[in-house]
Amino acid sequence: MGYHDSEHTKNVRDWKEVFDFLLQDPTFVPASPEPEDKEMRKLTNQWPENPPEFRAICQEYAQEVEKLSYKLLELISLSLGLPADRFNGYFKDHTAMLRLNYYPPCPCPDLALGVGRHKDASALTVLAQDDVGGLQVKRKSDGEWIPVKPIPNTFIINVGDTIQVTMDSFLLNFGQVFLQLLGDTFSNLFHDILKVWSNELYESVEHRVVVNSERERFSIPTFFFPSHCVMVKPLEELVNEQNPAKYKEYNFGKFFVARNRSDYKKLQVENIQIDHFKISNN
Ligand SMILES: O=C(O)CCC(=O)C(=O)O
Ligand SMILES: [Fe+2]
């Protein structure tokens, strides 16, 4: 954990520098993606000495986002007709991570991306961004990249991959419920784990970040990951004869490690996606 500048998204190096830290220090994750390898790896934060207040400010912010993430999970759970605390057990020893993204101005913005197209592996991402703009989400109906306009002093709401006109009424309603309950504008990028847990009632959204030649940009995503030992699969309450499970179960820790491995290397193959666990004849 700490500073690094050589992350790859889908085998292409991103135009960014980042500072990562774990909400729980230390955090334990599997040492390798191999299913039979039971060895664990201890991840720890590496804080810079300067500026002196940096660590405390980051940790305070992270604590608040953690509370918000639990609140969001409760609302999502209720929206699925489940008890509010249905997801809480999966996050007891969560592996959540906060990232400070810095995108420097790019002399050739048409040739690079701040972050290439991807879906986050988290259950939920809470994102703050400055006023520069650059985040885009892919509209499912026509594949067009739609800019997510920055709104000052807010988190952005980005519900599923249906953020704009294609948003169906189920998701639209819940976007509004969140707004009312929390009294503010915020973003939650519903991600792959929720897609699996909800057996696709929630969709994860593909997104990317474009850069520009004039201005630097900052953003702060908090990736709310469950515990490494969690087996992710469609919730039993949501599966029945009419709606059979669309995914096989997978171990979150092993998935996370496999994803991270390919994030920093140029590999010949595309990195692991939840689609690898999709049950094919559904
Ligand atoms: O910078 C942003 O707005 C989003 C960054 C992002 O998608 C990520 O770090 O996963
Ligand atoms: Fe992302």
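Computed from a predicted model, the values in this text were never measured in an experiment. Only heavy atoms go into these numbers, but all of them, side chains included; no hydrogens, no water, no symmetry mates.
Scanning for ring-ring contact (aromatic ring centres under 6.0 Å, His included) contacts around F256 gives F225, F252, with sequence neighbours left out.
Here the closest heavy-atom approach between residue P107 and residue P105 is recorded as CD-O, 4.0 Å.
The closest side-chain donor-acceptor pair between D20 and H4 falls under 3.5 angstrom.
Using the six-membered ring where Trp is involved, Y250 and F255 have ring planes that are tilted, between 30° and 60° apart. The aromatic rings of F19 and F54 sit perpendicular to each other, their planes meeting at more than 60°, with 30° as the lower class boundary.
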For L82 and L235, what are the C-alpha separation, side-chain angles and deciding distance, and is it a side chain to side chain contact (heavy atoms under 4.5 Å, CB included)? CA-CA 10 Å; L82 303 169; L235 296 177; 3.4 Å; yes

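Y102 and W15 have their aromatic ring centers separated by at least 6.0 angstrom. Taking the centre of each ring, F218 and Y103 stay at or above the 6.0 Å mark.
With respect to E206 and R117, a salt bridge is recorded, a charged nitrogen being found less than 4.0 Å from a carboxylate O. Ion pair E144/K138 not flagged as a salt bridge, since none of the NZ, NE, NH1 or NH2 atoms sits closer than 4.0 Å to an Asp/Glu carboxylate oxygen. R86 has a carboxylate O that lies under 4.0 Å from a charged side-chain N of E237, or vice versa, which qualifies the two as a salt bridge.
A donor-acceptor distance shorter than 3.5 angstrom exists from the side chain of N251 to the backbone of G253, with no hydrogens or angles considered. Side-chain N or O atoms of D93 include none that pairs as donor or acceptor with a backbone N or O of S227 at under 3.5 Å. With hydrogens and angles ignored, the 3.5 Å screen pairs no side-chain donor or acceptor of S77 with any backbone N or O of E74.
Partner N101 forms a side-chain contact (heavy atoms from CB on, under 4.5 Å) with one of V18, L127, V209, I220 and no other, that one being V18.
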